[in-house]
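See below for the structure under consideration.
Note: hydrogens, waters and symmetry copies are ignored here, and every other heavy atom, side chains too, is used. Keep in mind it's a predicted model, so treat the numbers as computed, not measured.
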Amino acid sequence: MKFRNYCRFPGFNHGFSNFKIFQFNRRINCSILNQLRNCSSSASARASLNNGSNSASSDGNAYLLPGATAATLLMLAALHARRLYVDKQVEEAKAKGIEAGFHPDAKASFLSILPLRTISRIWGSLMGVELPVQMRPYVYKAWARAFHSNLEEAALPLEEYSSMRDFFARGLKEGCRPIDSDPLCLISPVDGVVMRYGELKESGAMIEQVKGFSYSVSTLLGLNSSLPMISGRNVVEESSETGDMLSNQPKKSWWRVSFSSPKIRDPIPASPMKGLFYCVLYLSPGDYHRVHSPVDWNIFVRRHFAGHLFPVNERATRTIRNLYVENERVVLEGQWQQGYLALAAVGATTIGSIELFIEPELRTNRPMKKLLQSEPPAERVYESGGAGLMAKKGEQVAVFNMGSTVVLVFQAPVAKSSKDSTSSDFRFCVKRGDRIRVGEALGRWRDKPNDQ
């Protein structure tokens, strides 16, 4: 009995139980491995079955964003290439003496829906941020290299211009712009390029913006302008044939509506008086930005037109209708020794600020009160002993931020009839495309018809 009990010693029982546990664990591990194999096989099976759908979906999600970006970049590249091609054609046509005509494009339509006034105000705020003194010379020199500015003419050292805004509106050293002292000449009020010039002769006093499109001087200067014009009735009385042609026109329509300011015009356009001239001068971003008085004159009225702020470069003139009429502008109107004179300072994109030295409190590019209707111009009459404000020839009148456009409209001496000698007539000293600087003569005339 004892032997049998000895043969059943605890160690044997413990080894036997361990053997059972080992077998049990082995069965569990095998079952787990089998389940993992089944999962992997089912996953591979599902992947093989859905290879034509899920893989395509994942690939599409992975390449959707880069594909859209690439398409957008290609579209922009194509548009830019087309623009370069068109601009090259324009330059080649210019070299051959052929002028490009007016042709609106999609970009012009797109600009009309952009908040350019708000963008210009934000840009103006950024340009007014004070720059570190050490950084100023490098920033201004980089700008000068990009836009061909002459920094040697700056009145102050570059370190003293605290912001880009001050740098844009910088003055010049004394003597950099000598004023033509000839009393029988009219000087350029700005540094810029002569875009258009000539005498206003046709009915309506139209200025050609570009070949194929013109705008009204009366609309540019305002309805209350004292522009010397001959009324439509006087024109009818002077020409019986014209009177017959226009006699029935008022019966057809009493009003003619226009989308540009002013909204309503007379059905019979007036004609300019003889000896009324104009000149359009464009200032690039690298030009000197101050506006000087072209002659000795008395300024009677200032008008501020709140409008759009489209760009005014050459491409814009060929694609945007009524560019100078639609843009924000400040008009100064008065008299000089030869009669009427008006100076219109036209704003542009990022140039929401047009400052007048004769009226420092004037603020431009303010938020518009009316979004859908054009606001009437803000007008101020200068009264100083009944003679307005006197501006001397070459005196600083206004300043732009960056570049823009100035339109001059003025009376000048001309022969009263074709029988008279034309040696006393006013003649321009410039041609289209010429660069001109402040103080240089735009045109001259003679006192006596036979004076040589």
Side-chain angles (χ1 to χ4, degrees), residues 177-190 192 194-208 214 216-218 220-221 225-231 234-235 238-239 269-281 291-301 331-344 387-395 397 406-432 434 436-452:
R177 295 293 183 272
I179 306 300
D180 195 319
S181 59
D182 185 1
L184 305 181
C185 82
L186 182 142
I187 65 169
S188 173
V190 293
V194 179
M195 302 295 292
R196 300 277 165 175
Y197 69 92
E199 184 177 0
L200 296 170
K201 297 180 179 179
E202 298 182 357
S203 176
M206 306 295 288
I207 295 180
E208 189 179 45
S214 302
S216 169
V217 178
S218 300
L220 176 72
L221 303 179
S225 172
S226 57
L227 188 71
M229 302 283 285
I230 303 175
S231 65
N234 294 336
V235 174
E238 291 178 3
S239 176
S271 295
M273 293 183 62
K274 192 172 183 180
L276 190 61
F277 298 86
Y278 70 93
C279 185
V280 182
L281 302 168
V291 183
H292 295 244
S293 176
V295 291
D296 294 338
W297 63 310
N298 295 322
I299 305 173
F300 296 140
V301 181
V331 176
L332 299 177
E333 193 175 48
Q335 292 282 327
W336 68 308
Q337 63 175 344
Q338 300 299 335
Y340 177 83
L341 176 64
L343 186 151
L389 298 178
M390 181 66 185
K392 294 292 185 180
K393 187 178 183 179
E395 182 181 349
V397 176
V406 166
V407 181
L408 277 179
V409 181
F410 57 93
Q411 282 184 291
V414 292
K416 295 182 179 180
S417 66
S418 58
K419 296 180 181 180
D420 297 335
S421 173
T422 59
S423 60
S424 63
D425 286 358
F426 173 85
R427 297 184 183 277
F428 283 96
C429 304
V430 293
K431 297 180 181 179
R432 284 178 51 188
D434 287 352
I436 193 169
R437 304 203 305 177
V438 172
E440 297 178 351
L442 275 177
R444 301 181 186 273
W445 67 95
R446 296 180 181 272
D447 251 343
K448 298 179 181 179
N450 296 325
D451 189 12
Q452 299 295 332

message = Between Q411 (side chain only) and Y340 (backbone N and O only), is there a donor and an acceptor less than 3.5 Å apart?
response = yes
Interatomic distance, CE@M229 vs OG@S271, rounded to 0.5 Å, equals 6.5 Å
Across all chains, not counting sequence neighbours, the ring-ring contact (aromatic ring centres under 6.0 Å, His included) partners of Y197 are F428
The side-chain hydrogen bond (donor to acceptor under 3.5 Å, both in side chains) partners of S214 (sequence neighbours excluded) come to none
Between S216 and G204 the two heavy atoms that sit nearest each other are OG-O, 3.7 Å
(message) With a 4.5 Å cut-off on side-chain heavy atoms, are V397 and P189 touching?
(response) no
Separation between CG (L332) and CZ (F300), nearest 0.5 Å, reads 12.5 Å
Heavy atoms of G394 and I179 approach each other most closely as CA-CD1, 3.9 Å
Smallest heavy-atom separation, L281 atom then S188 atom, equals CD1-OG, 3.8 Å
Those residues at least two apart in sequence (or on a different chain) that pass side-chain contact (heavy atoms from CB on, under 4.5 Å) with A441 are D180, C185, C429, R444
> Taking the side chain as C-beta and beyond, is there a heavy-atom pair between P294 and L343 under 4.5 Å?
Replying inline: yes
Closest non-hydrogen atoms of A205 and P272, given as atom of the first, atom of the second and distance, are N-CD, 4.0 Å
Distance col, row N298:CG vs W336:CH2, nearest 0.5 angstrom, shows 13.0 Å
The reported gap from CZ in F426 to CG in L184 (rounded to nearest 0.5 angstrom) is 11.5 Å
Sequence neighbours excluded, the answer for side-chain contact (heavy atoms from CB on, under 4.5 Å) partners of K201 is E199
Sorted by chain and residue number, the side-chain contact (heavy atoms from CB on, under 4.5 Å) partners of Q337 (sequence neighbours excluded) come out as W445
Applying side-chain hydrogen bond (donor to acceptor under 3.5 Å, both in side chains) to S293 and not counting sequence neighbours gives W297
Taking every heavy atom of M195 against every heavy atom of R432, the minimum-distance pair comes out as O-NE, 3.4 Å
Is a side-chain N or O of E333 found less than 3.5 angstrom from the main chain of S226, in a donor-acceptor match?
yes
inquiry  = Atom CE of residue position M390 - does it have more than 12 heavy atoms of other residues, nucleotides or ligands inside 6.0 Å?
reply    = yes
(request) Find out whether I187 and V295 are in side-chain contact, i.e. whether some heavy atom of one side chain is under 4.5 Å from a heavy atom of the other. (result) no
Sequence neighbours excluded, the answer for side-chain hydrogen bond (donor to acceptor under 3.5 Å, both in side chains) partners of Y278 is none
Is any side-chain heavy atom of L186 closer than 4.5 Å to a side-chain heavy atom of L408?
yes
Between the NE2 atom in H292 and the NZ atom in K393, the distance rounded to the nearest 0.5 Å is 14.0 Å
What do the steps show when you test V217 against V407 for side chain to side chain contact (heavy atoms under 4.5 Å, CB included), and what is the final call? CA-CA 10 Å; V217 178; V407 181; over 6 Å; no
